[in-house]
Protein chains: 2
Amino acid sequence: MSRATVSYVLNRDSRQSIPETTRQKVLDASARLGYRPYGPARLLRGARSSVVLMLTQGLEHASDFVATGIITSLGAALRQHGLHLVWQLGAEECDTAIDLAPAVVLTSVPDGDPLIDELSEQFSVPVRSAFPHLDAFLAASAAAQVEHLVARGRQRLAYAAPSRPELGATAAIRHRAADAAAAAAGIPLPHRFEVPDDRAAAGAALRAELAAHPELDGICAFNDEVAFTVLAAAADCGIVVPSQIAVIGVDNHPLGPLTIPALSTVESDVTEFVTQFAAHVAQLAAGEAAEPPLLPDQAHAVPRAST
Amino acid sequence: MSRATVSYVLNRDSRQSIPETTRQKVLDASARLGYRPYGPARLLRGARSSVVLMLTQGLEHASDFVATGIITSLGAALRQHGLHLVWQLGAEECDTAIDLAPAVVLTSVPDGDPLIDELSEQFSVPVRSAFPHLDAFLAASAAAQVEHLVARGRQRLAYAAPSRPELGATAAIRHRAADAAAAAAGIPLPHRFEVPDDRAAAGAALRAELAAHPELDGICAFNDEVAFTVLAAAADCGIVVPSQIAVIGVDNHPLGPLTIPALSTVESDVTEFVTQFAAHVAQLAAGEAAEPPLLPDQAHAVPRAST
DNA sequence: TAAAGCCATTGACACGTGCAAGTAGATGCT
DNA sequence: AGCATCTACTTGCACGTGTCAATGGCTTTA
């Protein structure tokens, strides 16, 4: 009953032959005493950690519920590889918990961000963006928006950007993609139109926009939340959607079917990406270097009453 | 330049006097080599973990965005105590990562749930519900809804319950609280009325409800999402809110101001609770036993156009 | 000068685990 | 009997850290 014997039994070491009587004695004692192997000691000994650490900085406001969904399903997918995803929100100043020893670190910042190198140095484990090739992913949705509106016969578009400054970079990417899609379709480029969070202010902004561009007949919103604001503002202004102006969002927000009129939107299927990315992370955790799969660069319209 | 000397310098041990020259030499070498203390070894040595593990089972669908908000702000509050909150979603079958060694484990299940004892045995660290006294917290919002509707002159109420079975227990608590508030106000008890997720089905359900109870003039919705569905169904049925029926939700969802009409709702202020609960968790992490603060059992109305 | 005291530094250990290497004892083969 | 082979188990080490007790050099005091 030395420690080694116990260890052989509990780890089912096939190179050691253990008679059944001893085996049972060890198992009984282990169960009776409620023995649990102590994680830190195993790690110190050199065991591979089963922890994958997800770090997110900016997406607190649940606004990025698409990212939240990806993270959730990624956690489920990683569990099938024997890995455990834990999520640390708002790890601003790189004061991440040093005493959890992850096998892999994922971050919400895009590839190429200096934070990735910083984290890599700090943890000395593989660090990857959880959203590889994010720009193309973001751009695809805006392109799909424009294509859908054009297919519905709309020609004079505006791009409804959010007023939150932290979303500015993302909005710029999508707006450029909308421009490119408009150019490809041979219609005028959609001009930018900022939507305040406040409903009354949004109504005023929409009125001003229509005064400046009376021929406007379609709005691509940055995401569904901006689209909700536009719909509310339009109703307040007496603008009829979609007969006067069509409105389309991005993300397929669960509340989209409930607006008046129900919101058309655009969606990317990320299930395959999540599966592949989980496998990629499992490879990294196993010590193999590998290139990550990319987020889909295709999006499809979810047409409803607002277009 | 032995390991001990280095350790004394890096941990600023005040019981040891280290001459400045040696101190600098150690610091320089440490910085040059990019030394990071290895978490698992510190824990094995007996250091206190700075990790607080939050486990959630059911609240994937972002439906419980109130819980999500509490968790987020709790993470920020704990950081001020030098603790790091990490969040493992959907830890169903208790297969939680054993190799992260938390100082405290928090769970989304209410006090008294057998899972708490199970986790306590598994981790052998303090385990607490992150939502202590949850029932009273849930009940308070329903009471506030009824009081608000009564103050607006409504007398014949219905309780709009969600159709998702996993929310049934919570809905029952709130419905009972609504009954109690109605009894206290001297009006008939609100009868239950189930709202399907699908908009068309919700419209049919609302029509049937009105046919059965033509005198209905107010609806307490289980939460804002159910209220959104009710508003959409009402619009589809040609029912005018609030002149014919007033509708009020729960949670102060960020999209509430954007519905047509803007949704009245009910909210509890949890900032004080979060602060106190963070301090409580810090006590637990320091090894002191302590009773947790309780979630507020008061809620206040956020009146908008729908009542 | 020797005894005593202070200061900087160091060797050694413990924490819990997993595994390589080694050791008895039993059995088989010649 | 003598030697090889197997089984059943043990000893011992390493992982990286923090801290106690001990060491040796140097200065002060009697």
Practice problem: Check side chain to side chain contact (heavy atoms under 4.5 Å, CB included) between B:Ala136 and all other residues, then give those that pass, not counting sequence neighbours. | Solution: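 Counting only residues at least two positions away or on another chain, B:Ala136 forms a side chain to side chain contact (heavy atoms under 4.5 Å, CB included) with B:His133, B:Asp297.
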
Quiz item: Any donor-acceptor pair under 3.5 Å linking the side chain of A:Thr72 with the backbone of A:Thr68?
Solution: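 Pair found, side chain donor or acceptor close to backbone of A:Thr68.
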
Quiz item: Are any of the side-chain heavy atoms of A:Phe131 and A:Ser108 separated by less than 4.5 Å?
Solution: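 Contact flag for A:Phe131/A:Ser108 side chains = yes.
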
Quiz prompt | Shortest non-hydrogen contact between A:Phe277 and A:Ser129, atoms and distance | solution =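 That closest heavy-atom pairing would be CZ-O, 3.5 Å.
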
Quiz item: Taking the six-membered ring for Trp, are A:Trp87 and B:Trp87 parallel (under 30°), tilted (30 to 60°) or perpendicular (over 60°)?
Solution: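 Parallel: the ring planes of A:Trp87 and B:Trp87 meet at under 30°.
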
Quiz item: Between A:Ile18 and B:Leu10, which is nearer to the 5' end of DNA chain D once each is assigned its nearest nucleotide?
Solution: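 Its nearest nucleotide being more 5', the pick is A:Ile18.
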
Practice problem: Would you sort out whether A:Glu118 and A:Gln122 count as a side-chain contact (heavy atoms from CB on, under 4.5 Å), showing the intermediate values? | Solution: CA-CA 6 Å; A:Glu118 208 172 323; A:Gln122 183 175 358; 5.7 Å; no

Self-check item: Set of side chain to side chain donor-acceptor pair (under 3.5 Å) partners for B:Ser163, sequence neighbours left out
Solution: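 B:Ser163: no side chain to side chain donor-acceptor pair (under 3.5 Å) contacts found.
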
Quiz item: Do you know the tightest heavy-atom contact between A:Asp99 and B:Leu43?
Solution: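 Minimum heavy-atom separation between A:Asp99 and B:Leu43: O-CD1, 3.6 Å.
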
Quiz prompt | Any residue of residues 19-34 of chain A with a heavy atom less than 4.0 Å from an atom of DNA chain C | solution =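 Those residues: none at all.
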
Quiz item: By side chain to side chain contact (heavy atoms under 4.5 Å, CB included), which residues pair with B:Arg128, not counting sequence neighbours?
Solution: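 For B:Arg128 the side chain to side chain contact (heavy atoms under 4.5 Å, CB included) partners, ignoring immediate neighbours, are B:Leu106, B:His280, B:Leu284, B:Pro292.
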
Quiz item: Of A:Asp269, A:Thr271, A:Val270, which meets side chain to side chain contact (heavy atoms under 4.5 Å, CB included) against A:Pro296?
Solution: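 Going through the options one by one, the only one that passes is A:Val270.
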
Quiz item: What is the distance, rounded to the nearest whole Å, between atom CZ of A:Arg3 and atom C1' of C:dA20?
Solution: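 Value for this atom pair: 14 Å.
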
Quiz prompt | Pairing residues for B:Glu121 by the side chain to side chain donor-acceptor pair (under 3.5 Å) criterion, not counting sequence neighbours | solution =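 Here no residue qualifies.
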
Practice problem: Identify, with sequence neighbours excluded, every residue that meets salt bridge (charged side-chain N to carboxylate O under 4.0 Å, His left out) alongside A:Asp197. | Solution: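 Counting only residues at least two positions away or on another chain, A:Asp197 forms a salt bridge (charged side-chain N to carboxylate O under 4.0 Å, His left out) with A:Arg164.
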
Between the protein and nucleotides 26-28 of chain C, which nitrogen or oxygen pairs are less than 3.5 angstrom apart?
none

Exercise. Return yes if some donor-acceptor pair links the side-chain N/O of A:Ser49 with the main-chain N/O of A:Ala101 below 3.5 Å, else return no.
Key: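 Such a contact is found between A:Ser49 side chain and A:Ala101 backbone.
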
Please write out the pairs of protein N or O atoms and N or O atoms of nucleotides 21-24 of chain C separated by less than 3.5 Å, giving the distance to one decimal.
none

Quiz item: So which of residues 36-51 of chain A are in contact with DNA chain D, with a heavy-atom cut-off of under 4.0 Å?
Solution: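 By residue number: A:Leu44, A:Arg45.
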
Quiz item: Among pairs that include at least one residue of residues 23-39 of chain A, which meet salt bridge (charged side-chain N to carboxylate O under 4.0 Å, His left out), considering only residues two or more places apart or in two chains?
Solution: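 Those involving residues 23-39 of chain A are A:Glu20-A:Arg23.
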
Quiz prompt | Range on DNA chain D touched by chain A - first to last nucleotide, heavy-atom distance under 4.0 Å | solution =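 The contacted stretch runs from D:dT7 to D:dG16.
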
Exercise. Tell me, please, which residues at least two apart from A:Ser30 pass side chain to side chain contact (heavy atoms under 4.5 Å, CB included).
Key: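 Partners of A:Ser30 by the side chain to side chain contact (heavy atoms under 4.5 Å, CB included) criterion, ordered by chain and then number, come out as A:Leu10, A:Tyr35.
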
